[in-house]
Amino acid sequence: MGLIIQSALPDSSISHFVHSFWMLENNTGKDIPSTILPNGMVDLAAININSEGWKISIRGLDTIPSAIHIPIGTKMFSIGFKLLAVEYLFGDSIKDVLNGGKNISDKIWQFQESDLNTFEIFCSKVTQIIKGSLINDMDNRKKKLFDLIYFSEGSITVKELSENVFWSSRQINRYFNQQFGISLKAYCNILRFGSSFKSISEGNLFPDQNFSDQNHFIKEIKKYSGVTPKELSKNADNRFMDIVAIKKTNPKNG
């Protein structure tokens with residue numbers, strides 16, 4: 001059956017927390033070399049290798065491309081979370097897993113074996129869990145901050161954000177560094193890079209995410225992926241799973 005990858009967008013009711021869902025199944029009969037790209041998301045994954053049992057892990061923000069191997073027999077379901085989820089669903093900082101990950105205890109994410117039978121069932125279960133979470137006293141200032149960041153796809157200045165949410169840039173950066181391990185500007189640059197995946201996957205090698213010019217676009221793509229936009233678009237041997245997944249994105253799952 002080879003390598004199976006699926007991707008889907010969330011139901012609009014949870015889109016302030018979730019960017020996307022995806023799944024991967026390695027039935028190729030060999031380990032697969034791959035590269036994790038910075039995409040501005042925090043990933044929670046349920047992973048089972050060779051039917052040895054499911055483990056739940058969380059991966060923090062990536063700021064550099066990371067080479068990995070996907071073992072034979074890996075089956076994985078993953079949720080790409082937006083940053084607002086870190087405080088309101090996880091309730092803890094993720095700065096300790098910058099460019100890395102760790103296994104977590106399954107407290108909120110009470111997955112049963114039946115929840116992990118198919119991608120559609122997994123997406124539905126996660127949606128139910130998030131809808132059922134009691135989230136009180138959400139800070140409207142933070143919600144507006146992230147709404148602006150994601151609406152602009154990272155192409156907004158710290159000054160503009162500060163002025164729009166009436167929160168000083170110094171305070172915002174302190175919040176970002178304490179919660180996520182990077183500055184707001186660094187995060188916006190990564191998000192802008194991640195937002196270019198769709199265009200690049202379609203063969204569009206010219207900037208449309210407010211890069212200043214073509215040279216700036218190429219420089220930023222190489223900085224975060226290690227390759228040129230053309231190489232990223234070709235994605236030889238499906239090395240970049242983000243590019244494969246975005247090509248296989250399905251309509252919203254609820």
Does Leu3 reach the side chain of Met241, with side-chain heavy atoms less than 4.5 Å apart? yes
Could you walk me through whether Ile200 and Ile221 pass the side-chain contact (heavy atoms from CB on, under 4.5 Å) test, one step at a time? CA-CA 10 Å; Ile200 290 174; Ile221 299 303; 3.8 Å; yes
First locate atom CG of Asn164, then atom NZ of Lys159, and finally report the distance between them rounded to the nearest 0.5 Å. 10.5 Å
Output the distance between atom CG (Leu191) and atom OG (Ser152), rounded to the nearest 0.5 Å. 7.0 Å
Please state whether the rings of Phe122 and Phe21 are parallel, tilted or perpendicular, taking 30° and 60° as the class boundaries. perpendicular
So if you build clusters from Ile, Leu, Val, Met, Phe, Trp, Tyr with side-chain heavy-atom gaps below 4.5 Å, do Leu148 and Leu84 land together? yes
Counting only heavy atoms not in Lys234 (residues, nucleotides, ligands), do more than 12 fall under 6.0 Å from its NZ? no
For Arg141, is there any backbone N or O sitting under 3.5 Å from a side-chain donor or acceptor partner on Asp139? yes
Report the C-alpha distance between Arg59 and Leu44 in whole Å, list the side-chain angles of each, state the deciding distance to 0.1 Å, and finish with yes or no for side-chain contact (heavy atoms from CB on, under 4.5 Å). CA-CA 6 Å; Arg59 185 175 183 90; Leu44 182 137; over 6 Å; no
So, does Asp115 use its side chain to make a donor-acceptor pair with the main chain of Gln112 at under 3.5 Å? yes
Give, for atom NZ of Lys82 and atom NE2 of His19, the distance between the pair rounded to the nearest 0.5 Å. 7.0 Å
Path from Leu184 to Tyr175 over hydrophobic side-chain contacts below 4.5 Å: yes
Any donor-acceptor pair under 3.5 Å linking the side chain of Glu113 with the backbone of Trp54? no
Could you pull out the closest heavy-atom pair between Gly53 and Asn48, with the gap in Å? N-OD1, 3.2 Å
Just do the side-chain contact (heavy atoms from CB on, under 4.5 Å) check on Ile129 and Phe111 with the steps written out, would you? CA-CA 10 Å; Ile129 291 172; Phe111 296 120; 4.2 Å; yes
Donor-acceptor under 3.5 Å (Ser78 side chain, Met23 main chain): no
Please work out which of the three classes, parallel, tilted or perpendicular, describes the rings of Tyr187 and Tyr150, given edges at 30° and 60°. perpendicular
Over 60° means perpendicular and under 30° means parallel, so tell me whether Phe119 and Phe77 are parallel, tilted or perpendicular. parallel
Separation between CD of Gln110 and CD1 of Ile56, rounded to the nearest 0.5 Å: 9.5 Å
ring-ring contact (aromatic ring centres under 6.0 Å, His included) assessment of Phe197 paired with Phe240: CA-CA 10 Å; Phe197 292 170; Phe240 302 105; 8.8 Å; no
Counting only heavy atoms not in Asn103 (residues, nucleotides, ligands), do more than 12 fall under 6.0 Å from its CG? yes
Please assess Val227 against Arg239 for the test side-chain contact (heavy atoms from CB on, under 4.5 Å), listing each intermediate value before the final yes or no. CA-CA 11 Å; Val227 299; Arg239 172 183 166 193; 3.9 Å; yes
Describe, in one word, how the ring planes of Phe90 and Phe81 are oriented to each other, choosing from parallel (under 30°), tilted (30 to 60°) and perpendicular (over 60°). perpendicular
By side chain to side chain contact (heavy atoms under 4.5 Å, CB included) - contacts of Asn117 (at least two apart): Ser114, Ile121
Looking only at heavy atoms, the pair that brings Asp62 and Ile190 closest together is O-CD1, 3.6 Å
4.5 Å side-chain heavy-atom contact, Val18 and Ile130: yes
Are the side chains of Phe211 and Lys219 in contact, using a 4.5 Å heavy-atom criterion? no
Taking Ser233 for its side chain and Pro229 for its backbone only, find out whether a donor-acceptor pair lies under 3.5 Å. no
Quick check: closest heavy atoms across Ser169 and Val158, and the distance to 0.1 Å? CB-CG1, 3.5 Å
Any side-chain to backbone donor/acceptor pair from Ser124 onto Glu120? Under 3.5 Å, distance only. no
Quick check: do Ile14 and Lys131 have side-chain heavy atoms less than 4.5 Å from each other? yes
Is there a side-chain contact between Tyr224 and Asn189 (heavy atoms, below 4.5 Å)? yes
Exceeds 12 heavy-atom contacts within 6.0 angstrom, atom NZ of Lys222: no
Would you kindly confirm whether Met138 and Phe176 end up in one hydrophobic cluster when ILVMFWY residues are joined by side chain heavy atoms under 4.5 Å apart? yes
According to a hydrophobic-cluster definition based on side-chain heavy atoms being under 4.5 Å apart (Ile, Leu, Val, Met, Phe, Trp, Tyr only), do Val165 and Phe180 belong together? yes
Flag, side chain of Ser93 to backbone of Gln179, donor-acceptor distance under 3.5 Å: yes
Has the side chain of Ser7 got a donor or acceptor atom that lies under 3.5 Å from a matching backbone atom of Trp22? no
Could you pull out all residues at least two apart from His69 that satisfy ring-ring contact (aromatic ring centres under 6.0 Å, His included)? none
Which heavy atom in Ser162 sits nearest to a heavy atom in Ile172, and how many Å separate them? CA-CD1, 4.1 Å
Please identify each residue that fulfils side chain to side chain contact (heavy atoms under 4.5 Å, CB included) with Pro65, with sequence neighbours left out. Thr35, Leu37
Are Ile68 and Ile47 connected into the same hydrophobic cluster when the rule is that any two of I, L, V, M, F, W, Y join if their side-chain heavy atoms are below 4.5 Å apart? yes
Measure the NZ-CG distance between Lys102 and Asp96 for me, rounded to the nearest 0.5 Å. 4.0 Å
Side-chain donor/acceptor of Asn26 to backbone N/O of Pro71, under 3.5 Å: yes
Do you know which two heavy atoms are closest between Ser15 and Ser12, and how far apart they sit? OG-O, 2.9 Å
Specify the closest pair of heavy atoms between Leu61 and Ile182, including all atoms of both residues, with the distance to one decimal. CD1-CD1, 3.8 Å
Given 3.5 Å as the limit, does a donor-acceptor pair link the side chain of Asn140 with the main chain of Lys144, or not? no
Can you tell if the side chain of Phe193 reaches within under 4.5 Å of the side chain of Ser225, non-hydrogen atoms only? yes
Could you state the interatomic distance from CD1 (Ile32) to CG (Leu24), rounded to the nearest 0.5 Å? 6.5 Å
